[in-house]
Amino acid sequence: LRLPMKSFVLGVETANQFKAYPVSIFEKNKMIQDDVGITSLLLLAAHGNDYLQVFDRNVGGQTLTFEGMTKKGNFKDNETGSDWNSLGLCVAGDYEGTQLIRVPHYNKIFWFVWADYHPDTEIHSDAEPVLSQAMA
């Protein structure tokens, strides 16, 4: 399954595992929690999808889950109820002052470029694949 050649994706690589997230899915999902290999990720979109970030959700040996993203980009973790901002910094609660670790990623790269370098990449399941190999 492939995407249209010139669709933009956010590409993530962790421990030789690759995953592409079509940028269009961030229009309806400002926060995506996913796993790539053994890394639990938090992907955030803010400022009209111009600001896409990827963080590791593991804090102090615990994998956090998040909910409740506001218009300002703040959200809470379910485990402690701590407040986090769109920069991955805890601004209130048990983890106050803790910074989520950023995961290197490729932001808004054409699908055909990402797929050329990473032909075995997984596509995030919310994507609407195109079956035609001519589009790959």
Quick one, Asn58 with Ser40, criterion side-chain contact (heavy atoms from CB on, under 4.5 Å). Give me CA distance, side-chain angles, the key distance, then yes/no. CA-CA 7 Å; Asn58 189 327; Ser40 295; 5.9 Å; no
Please report the shortest heavy-atom distance between Asn74 and Ser86, naming the atom on each side. OD1-N, 4.3 Å
Between Phe110 and Val9, is any pair of side-chain heavy atoms under 4.5 Å apart? no
Taking atom CD1 of Ile101 as the centre, report whether more than 12 heavy atoms of other residues, nucleotides or ligands fall under 6.0 Å from it. no
Hey, what do you get for CG (Asn107) to CG (Leu52), rounding to the nearest 0.5 Å? 4.5 Å
Tightest non-hydrogen contact, residues Phe8 and Lys108, listed as CD2-O, 3.3 Å
Least distance between heavy atoms, Arg102 atom then Phe55 atom: CG-CE2, 3.5 Å
At their closest point, which heavy atom of Leu10 faces which heavy atom of Val23, and how far apart are they? N-CG2, 4.0 Å
Hey, can you tell me if Trp114 and His118 have their rings parallel, tilted or perpendicular (30° and 60° cut-offs)? tilted
Decide yes or no on side-chain contact (heavy atoms from CB on, under 4.5 Å) for Val103 and Val12, but give the supporting numbers first. CA-CA 8 Å; Val103 174; Val12 176; 4.2 Å; yes
Going from SG on Cys90 to CG on Asn85, what distance comes out if it is rounded to the nearest 0.5 angstrom? 9.0 Å
Hey, is OH on Tyr106 packed in by over 12 heavy atoms from elsewhere, all under 6.0 Å? no
Please examine the side chains of Leu3 and Phe112, heavy atoms only from C-beta on, and report whether any two atoms are closer than 4.5 Å. no
Are any non-hydrogen side-chain atoms of His124 and Asp34 less than 4.5 angstrom apart? yes
Gln33 and Thr65: side-chain hydrogen bond (donor to acceptor under 3.5 Å, both in side chains), yes or no, with the steps? CA-CA 8 Å; Gln33 297 174 80; Thr65 54; 5.1 Å; no
Before you tell me yes or no, could you show the steps for Trp84 and Asp77 under side-chain hydrogen bond (donor to acceptor under 3.5 Å, both in side chains), namely the whole-Å CA-CA distance, both residues' side-chain angles and the distance that decides it to 0.1 Å? CA-CA 8 Å; Trp84 302 79; Asp77 70 68; 2.9 Å; yes
Apply side-chain hydrogen bond (donor to acceptor under 3.5 Å, both in side chains) to residues Tyr95 and Glu79 and explain how you reach the verdict. CA-CA 11 Å; Tyr95 286 118; Glu79 290 69 23; over 6 Å; no
Is there a path of hydrophobic side-chain contacts, each under 4.5 Å between heavy atoms of I, L, V, M, F, W or Y residues, that connects Val91 with Leu42? no
Parallel, tilted or perpendicular for Phe75 and Phe66, by the 30°/60° rule? perpendicular
Under 4.5 Å between side-chain heavy atoms, hopping through other hydrophobics if needed: is there a path connecting Val54 to Val113? yes
Evaluate the side-chain contact (heavy atoms from CB on, under 4.5 Å) criterion for residues His105 and Tyr21: first the C-alpha distance (whole Å), next the side-chain angles of each, then the deciding distance (0.1 Å), finally the verdict. CA-CA 11 Å; His105 61 281; Tyr21 298 83; over 6 Å; no
Atom CG of Asp83 and atom CG of Leu89: how far apart are they, to the nearest 0.5 Å? 11.0 Å
Distance (rounded to the nearest 0.5 Å) between Leu100 CG and Leu87 CG: 10.5 Å
Hey, could you give me the NZ/OG1 distance between Lys19 and Thr39, rounded to the nearest 0.5 Å? 12.0 Å
To the nearest 0.5 angstrom, please state how far the CZ atom of Arg57 sits from the CG atom of Asp35. 5.5 Å
